[in-house]
Colleague: 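Encoded as structure tokens, here's the structure I'll be asking about.
Chain naming here is simple, since letters A, B, ... match the order of the sequence lines and numbering starts at 1 in each.
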Protein chains: 2
Amino acid sequence: MSNRLFGSGAAHLGKSARTRARLMDAAVELFARDGFEAASVNEIARRAEVANGTFYVHFRDKDEIASKVALAIAGSVTRQLDEAMIGIEDAVERTSMGTRRFIDLIGNAPDWGRALLRALWTFPALRDSVAGHLRDDLERGVAQGAFDVQVDPVLIDVFVSMVMSGLFGRLSGSAPDDIASRVAELQLRMLGVPANRASAVSRQDLPTVSLSLVPLSA
Amino acid sequence: MSNRLFGSGAAHLGKSARTRARLMDAAVELFARDGFEAASVNEIARRAEVANGTFYVHFRDKDEIASKVALAIAGSVTRQLDEAMIGIEDAVERTSMGTRRFIDLIGNAPDWGRALLRALWTFPALRDSVAGHLRDDLERGVAQGAFDVQVDPVLIDVFVSMVMSGLFGRLSGSAPDDIASRVAELQLRMLGVPANRASAVSRQDLPTVSLSLVPLSA
DNA sequence: CCCAAAAATGAGAGATATCCCAATAAACGC
DNA sequence: GCGTTTATTGGGATATCTCTCATTTTTGGG
């Protein structure tokens, strides 16, 4: 049931680190289940099987634990995406893969997927971090002559919101299995890729990469 | 300053209706300023210059007033969009206009715009209501041979999320003035409209329609 | 094995929320 | 005007939350 996202990574560190990890795991579960606002520090501590006051030894308040958690997850996800794309030069493929992997990776982990989705919405800094990698691929596509758009914050925001839409559908269970491909295809078309190529690229097989462990960052 | 969105419409109704309207106006302001969760019933009542307990005469709880407010606003907005598009047969133009007007209309009213944006996120029923009209236009476009896509919930979700992205940018002040056109253009391209036509249609002049009053619904 | 440092504890002060209800005031048909 | 119905009032019971701090427990180096 509980993934112990952080807990597993901190098993053989000091006690402080383990408690900290338990708190972060509990926070992820609660943020995912109840949303950020509705989750209380009290319940995070209770679920972590830790006394109320212990929370405040490790985090100043709810905001602090939230941003720590979100940054750790997002960092791990983007790192994994980067690695999976090493060696791929074609921007059309990179862009499509990025969207598909992102949705699949996060969408298959409903527990912290929800937490991350909420965090993406709440903390603009997170969006910006994701957007950085994206921007590179989009500009590469323009340079390669594959994309016919103006790469700017508007385009990036729209692009990201499309990914989030697919992610949301996947997490809420209302989306078909191929939603990641569908979204990627629509994005490629939007960018100016001919319809047949967009369809082909967004549907080509993708070696399945299972979810990763998230190392604990201070 | 205060728009008295509901208050003005209820001026000459019974006293109960007027109090109700005052509460709804206060709720809109507070939801917009503090977000749904952070707004308290106490403060809604205080801002409406009404006793604490009066709130509960009219609404069961915060959720109820929120959904009533959101539905009223959304209904009014979609009604206004519909009216503005009477007589326009071309699906490409209709689609583009819908997006542009929606963003401009709501984006220019930061006070309740934020409230509506949050509501769209929170209440799926609202999205569905907006999606209904949209679906008609998309299918019309396919029938006219202008759009080359499969009209289904995935497409609609993606489309709506693109609109919301533009709306969010406008409301947060980070977007350029022409964001509505930009988003509409990207949407048309996604739907299969040739780039030059998408650019032209999404940039053609749009008679400015100012915001409307929202009649009070039970 | 011992003891200083580090970590964890949990009761509780102080804010603030929601929601109820008996009492009061206003509105309206006759 | 009068009396009944309808609306409003505001105090308070109850709940929950955040955050503090004096105290206790655990840890790990020597």
Colleague: For the OG1 atom of B:T54 and the CZ atom of B:R20, what is their distance to the nearest 0.5 Å?
Modeller: 13.5 Å
Colleague: Give B:S16 one of three labels, base, sugar-phosphate or nothing, depending on what nucleic acid heavy atoms sit under 4.0 Å from its own.
Modeller: sugar-phosphate
Colleague: How many angstroms lie between CD in A:Q80 and OG1 in A:T78, if you round to the nearest 0.5 Å?
Modeller: 9.5 Å
Colleague: Compare side-chain N and O positions of B:T19 against OP1 and OP2 of D:dA7 and report whether any pair is under 4.0 Å apart.
Modeller: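 So the side-chain polar atoms of B:T19 never come under 4.0 Å of the phosphate oxygens OP1 or OP2 of D:dA7.
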Colleague: Atom CG in B:L81, atom CE in B:M97: separation rounded to 0.5 Å?
Modeller: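 Spacing of CG (B:L81) from CE (B:M97) equals 8.0 Å.
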Colleague: In whole angstrom, what separates A:D34's CG from D:dC17's P?
Modeller: 11 Å
Colleague: What integer distance in Å separates A:I44:CD1 from D:dT18:C1'?
Modeller: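 Nearest whole value for this atom pair: 12 Å.
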Colleague: Could you tell me whether the phosphate oxygens of D:dT8, OP1 or OP2, come under 4.0 Å of any side-chain nitrogen or oxygen in B:H58?
Modeller: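 Affirmative; the distance criterion is met.
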Colleague: The side chain of B:Y56 is closest to which nucleotide in this list: C:dT9, D:dT9, C:dC19?
Modeller: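 Closest nucleotide among those given: C:dC19.
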Colleague: Test side chain to side chain contact (heavy atoms under 4.5 Å, CB included) on B:E64 and B:D61; report intermediate values, then the result.
Modeller: CA-CA 5 Å; B:E64 187 171 288; B:D61 52 23; 3.8 Å; yes
Colleague: Could you check whether B:V41 gets within reach of a base, just the sugar-phosphate, or nothing at all, counting any heavy atom under 4.0 Å?
Modeller: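 Counting heavy atoms under 4.0 Å across all strands, the contact made by B:V41 is with sugar-phosphate only.
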Colleague: Find the distance A:E49:CD to C:dG10:P and express it as a whole number of Å.
Modeller: 13 Å
Colleague: Are side-chain heavy atoms of A:I106 and A:L117 found at a separation under 4.5 Å?
Modeller: no
Colleague: What is the separation between atom CD on A:E43 and atom C1' on D:dC19, rounded to the nearest whole Å?
Modeller: 18 Å
Colleague: Between A:K62 (NZ) and D:dC19 (P), how many Å, whole number?
Modeller: 9 Å
Colleague: Whether B:D25 and B:R47 form a salt bridge (side-chain N of Lys/Arg under 4.0 Å from carboxylate O of Asp/Glu) is what I want to check.
Modeller: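 Looking at B:D25 together with B:R47, the answer is no, because their closest N to O distance does not fall below 4.0 Å.
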Colleague: Could you give the angle between the helix axes at the two ends of the helix from C:dC1-D:dG30 to C:dC30-D:dG1, with five pairs per end, rounded to 10 degrees?
Modeller: 20°
Colleague: Whole angstroms only, please: what is the CD-P distance between B:E64 and C:dC19?
Modeller: 11 Å
Colleague: Give the C-alpha distance, both sets of side-chain angles, the deciding distance and a yes or no for salt bridge (charged side-chain N to carboxylate O under 4.0 Å, His left out) between A:E29 and A:R33.
Modeller: CA-CA 6 Å; A:E29 287 174 43; A:R33 200 191 62 189; over 6 Å; no
Colleague: When the nearest nucleotide of DNA chain D is assigned to A:N42 and to A:T54 on a heavy-atom basis, which residue is associated with the more 5' position?
Modeller: A:N42
Colleague: Counting side-chain heavy atoms from C-beta on, which of C:dC19, C:dA17, D:dC19 comes nearest to B:D61?
Modeller: C:dC19
Colleague: Take atom CZ of A:F55 and atom C1' of D:dC17, then tell me their distance rounded to the nearest Å.
Modeller: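 Atom-to-atom, A:F55 to D:dC17, this comes out as 12 Å.
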Colleague: What is the separation between atom CG on A:N52 and atom C1' on D:dT20, rounded to the nearest whole Å?
Modeller: 10 Å
